[in-house]
Amino acid sequence: MHQLMSFPDFSASDAHVQWQRFNNLLWYHNDLGIWLDISRMHINAEDFERLGPRFDQAFKAMQALEQGSIANADEQRMVGHYWLRQPQLAPDQEVRDHIAKEIDLIETFGSNVVNGLIKAPNGKQFTDVLWIGIGGSGLGPLLMIRALQNAEQGLRFHFFDNVDPDGMSRVLGNLGDALSTTLVVTVSKSGATPEPHLGMEQARQRLEEMGGRWSGQAVAVTMLNSQLDQLAQKESWLKRFDMFDWVGGRTSITSAVGLLPAALIGCNTRDFLAGAAQMDEATRVPDLHSNPAALMAAAWFVAGDGLGRRDMVVLPYRDRLEVFSRYLQQLVMESLGKRLDRDGNVVHQGLAVYGNKGSTDQHAYVQQLRDGVDNFFATFIEVLEDIENIPAINNEHPGDFLDGFLQGTRAALSQGGRQSLSISMRRFDPRRLGALVALFERAVGLYGELVNINAYHQPGVESGKKAAAAILNLQSRVEALLADGVDRSAGEIHQVIGEGSEEAIFWIMRHLTANKRGYVAEGDWGIPTSLRFSKG
Ligand SMILES: O=P(O)(O)OC[C@H]1O[C@H](O)[C@H](O)[C@@H](O)[C@@H]1O
């Protein structure tokens with residue numbers, strides 16, 4: 001049964017009406033000290049009524065998912081990230097025990113490394129971590145480190161989240177000799193993603209050139225028996241941690257993927273999990289009005305006409321949360337950006353996410369938000385507790401300015417008829433980060449149900465991967481052909497190979513000739529058809 005709720009429609013000009021909406025729509029969790037306010041989204045009482053039955057369905061689907069249904073039908077997988085913070089919810093005892101055991105192992109390993117009980121092969125204490133992972137295996141850890149690490153706490157973190165040679169060179173350059181006391185963690189659920197594999201090989205070679213012993217400082221986080229796991233086992237790496245088949249990369253932050261970095265910076269992993277579990281409790285409530293994830297999903301739905309017509313601009317007013325929008329990009333866009341719905345209809349669903357942090361962004365793109373194209377809604381995130389060692393100077397408290405800037409932008413957007421929702425946290429710590437992540441995870445899950453898509457697969461990514469593999473294969477064939485030293489145009493190469501396209505061959509040759517790989521080109525680079533390529 002839906003409890004009918006009456007509150008006035010959004011009004012850009014009537015502050016009293018808005019105050020009433022604020023009071024009527026405000027969600028608050030006393031123990032977590034978190035508020036959610038959707039009163040400045042253009043959602044009205046009749047939307048609640050209209051969406052009620054859809055939410056009843058969505059709540060049921062989420063319940064089934066938590067009980068272990070095959071929620072990811074295309075991949076025939078269960079979706080179990082909620083079990084990670086409440087193992088007792090998992091469908092069988094073996095899984096429950098496995099989750100609990102992994103958390104213990106991560107905690108012990110982390111504290112032993114931080115306290116120097118586990119040492120680098122050269123006998124010295126580990127000083128740094130090189131974290132090699134991409135997508136969910138990189139973004140969650142990055143968020144954990146940026147959001148939770150305090151100065152001088154735990155190990156220094158460095159990331160390989162790409163195969164950009166320049167990026168890798170800079171990271172290795174920054175590490176320098178410290179590579180010999182660096183824990184190198186390779187993270188890949190599938191254990192077969194090319195990016196972390198290449199990163200691992202680079203790190204390994206650099207380390208071995210320095211006389212280091214790879215297996216004494218290498219750690220793997222992956223699924224049992226994956227390619228990466230087999231390598232780690234064969235070579236007796238220092239440690240390996242499990243990723244579970246039923247946890248997707250973008251929701252893996254409460255698995256070893258997020259817990260291990262937390263443990264390595266001496267942060268309380270149990271608090272992080274407890275915060276997520278508490279928010280899970282709150283977002284499990286099958287009532288639209290009192291469930292914050294449902295309120296958020298409903299507001300997103302109405303703002304974008306259920307078709308993702310408005311982007312979500314994430315504006316955390318806390319530097320620690322600067323990468324949260326990047327984290328949400330994967331969580332939201334990889335989950336909701338789908339061509340087909342679950343009945344096979346072409347729907348091109350999605351919800352675009354971008355943002356950095358306030359107040360910084362007020363001096364960059366907020367001008368367009370206030371006055372330009374109205375194709376977004378803002379998500380303000382604030383933390384109320386200021387930091388004591390940044391005192392007021394001349395009676396100017398930086399925290400007051402931060403709050404003032406947030407309120408100012410929020411008001412300016414509303415006056416301009418632009419929508420926003422706000423999440424306020426009394427303080428920020430591992431528990432609140434866990435809660436924040438869980439809030440968005442559930443909102444994404446509910447929204448996926450509202451628009452009837454599979455939020456847990458990523459077929460588009462797979463096709464990009466296949467296309468990239470085809471290009472690398474084409475390159476091998478082009479290089480084999482040009483090994484004879486004969487010069488050829490892109491068209492001639494294409495004719496002989498009979499694969500790919502002239503344009504793809506041009507791109508490959510442009511890259512090869514830009515590097516000292518022995519290839520030369522004669523002709524005009526502005527007229528691709530004039531060029532003849534050869535191995536010089
Ligand atoms: O952890 P891995 O198996 O290496 O996957 C890393 C990432 O790559 C994929 O392409 C997926 O789209 C992401 O969801 C995943 O997080």
Side-chain angles (χ1 to χ4, degrees), residues 71-72 74-75 77-81 84 102 106 130-144 159-164 167-168 184-203 218-232 237 240-261 323-324 326-339 349-353 437 440-441 444-445 448 453-472:
N72 182 358
D74 297 28
E75 295 176 4
R77 280 184 163 132
M78 298 188 287
V79 175
H81 49 276
L84 296 168
E102 280 299 302
I106 292 162
L130 175 55
W131 191 275
I132 307 174
I134 199 162
S137 298
L139 284 166
L142 184 68
L143 175 65
M144 294 300 281
F159 290 87
F160 271 3
D161 64 355
N162 199 358
V163 285
D164 172 17
M168 292 196 275
V184 185
V185 188
T186 306
V187 191
S188 176
K189 179 186 169 187
S190 59
T193 307
E195 288 92 337
H197 179 75
L198 291 174
M200 178 195 76
E201 286 183 328
Q202 291 292 331
V219 173
V221 182
T222 186
M223 278 198 304
L224 198 64
N225 279 329
S226 72
Q227 239 169 277
L228 173 60
D229 188 43
Q230 288 174 23
L231 182 70
W237 288 14
R240 60 164 306 286
F241 293 103
D242 280 335
M243 283 185 79
F244 304 103
D245 174 67
W246 37 264
V247 174
R250 54 188 173 273
T251 51
S252 64
I253 195 167
T254 51
S255 75
V257 172
L259 300 185
L260 183 57
V323 296
F324 191 53
R326 275 175 67 193
Y327 175 80
L328 288 182
Q329 265 171 349
Q330 189 196 11
L331 176 62
V332 176
M333 296 175 75
E334 206 172 57
S335 300
L336 302 180
K338 299 293 152 72
R339 190 171 79 89
Q349 271 293 350
L351 176 54
V353 180
V437 164
F440 278 89
E441 281 178 353
V444 167
I453 49 107
N454 178 352
Y456 308 103
H457 67 166
Q458 51 283 328
V461 182
E462 301 309 321
S463 53
K465 281 186 195 168
K466 282 195 191 117
I471 292 291
L472 288 163

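Any value given below was found using the heavy atoms of this structure, including those in side chains, with hydrogens, waters and symmetry copies removed. Throughout, numbering of the chain's residues begins at 1 and tracks the sequence. Counting starts at 1 for both ligands and their atoms, in listed order.
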**Student:** Look at Arg326 together with Asp161 and state whether they make a salt bridge at an N to O cut-off of under 4.0 Å.
**Tutor:**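 Yes, this pair counts.
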
**Student:** Using a 4.5 Å cut-off on heavy atoms from C-beta on, say whether the side chain of Arg240 contacts that of Asp242.
**Tutor:**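 Contact flag for Asp242/Arg240 side chains = yes.
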
**Student:** In terms of relative ring orientation, are Phe324 and Phe440 parallel, tilted or perpendicular, with 30° and 60° separating the classes?
**Tutor:**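 Ring orientation of Phe324 relative to Phe440: perpendicular.
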
**Student:** Looking only at heavy atoms of Lys465, does any of them come nearer than 4.0 Å to an atom of ligand 1?
**Tutor:**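 For ligand 1, residue contact (heavy atoms, under 4.0 Å) with Lys465 is present.
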
**Student:** May I ask you to check if ligand 1 and Gln330 share an N or O to N or O distance below 3.5 Å?
**Tutor:**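 Min N/O separation from ligand 1 is below 3.5 Å for Gln330.
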
**Student:** Which of the atoms in ligand 1, numbered in the order shown and given with their element, are less than 4.0 Å from a heavy-atom of Gly135?
**Tutor:**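 This gives 16 (O) as the contact atoms.
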
**Student:** My understanding is that only one of Val184, Val187, Leu142 makes a side-chain contact (heavy atoms from CB on, under 4.5 Å) with Trp131; could you say which?
**Tutor:**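 It is Val187, the one option of Val184, Val187, Leu142 that forms the side-chain contact (heavy atoms from CB on, under 4.5 Å) with Trp131.
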
**Student:** Can you tell me which portion of Glu334 lies within the under-4.0 Å heavy-atom range of ligand 1? Options are side chain, backbone, both, or neither.
**Tutor:**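 For Glu334, only side-chain atoms sit under 4.0 Å from ligand 1.
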
**Student:** Taking atom CD of Glu334 and atom CG of Leu139, what is their separation to the nearest 0.5 Å?
**Tutor:**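 If I round to the nearest 0.5 Å, the distance is 9.5 Å.
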
**Student:** If we ignore angles and hydrogens, is there a donor and acceptor under 3.5 Å between the side chains of Ser255 and Ser252?
**Tutor:**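 No, no side-chain donor-acceptor contact under 3.5 Å.
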
**Student:** If the cut-off is 4.0 Å to any non-hydrogen atom of Val461, which atoms of ligand 1 fall inside it?
**Tutor:**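 The list of qualifying atoms is 10 (O), 12 (O).
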
**Student:** What residue and atom, counting heavy atoms only, is the protein's closest point to atom 7 (C) of ligand 1, and at what distance?
**Tutor:**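 The closest heavy atom on the protein side is Ile134 O, 3.7 Å.
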
**Student:** Roughly how far, to the nearest 0.5 Å, is OG of Ser335 from CD of Glu441?
**Tutor:**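 Result: 9.0 Å between the selected atoms.
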
**Student:** Considering only heavy atoms of Gly249, which atoms of ligand 1 have at least one such atom less than 4.0 Å away?
**Tutor:**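 Ligand 1 atoms under the 4.0 Å threshold to Gly249: 16 (O).
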
**Student:** Considering the heavy atoms of Thr193, write down every atom of ligand 1 situated less than 4.0 Å from one of them.
**Tutor:**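 Counting from 1, the qualifying ligand atoms are 2 (P), 3 (O), 4 (O), 5 (O).
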
**Student:** For ligand 1, find out whether one of its N or O atoms is nearer than 3.5 Å to an N or O atom of Gly136.
**Tutor:**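 Between Gly136 and ligand 1, an N or O pair is found under 3.5 Å apart.
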
**Student:** Does only the side chain of Gln458 get under 4.0 Å from ligand 1, or the backbone, or both, or neither? Count heavy atoms.
**Tutor:**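 Just the side chain.
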
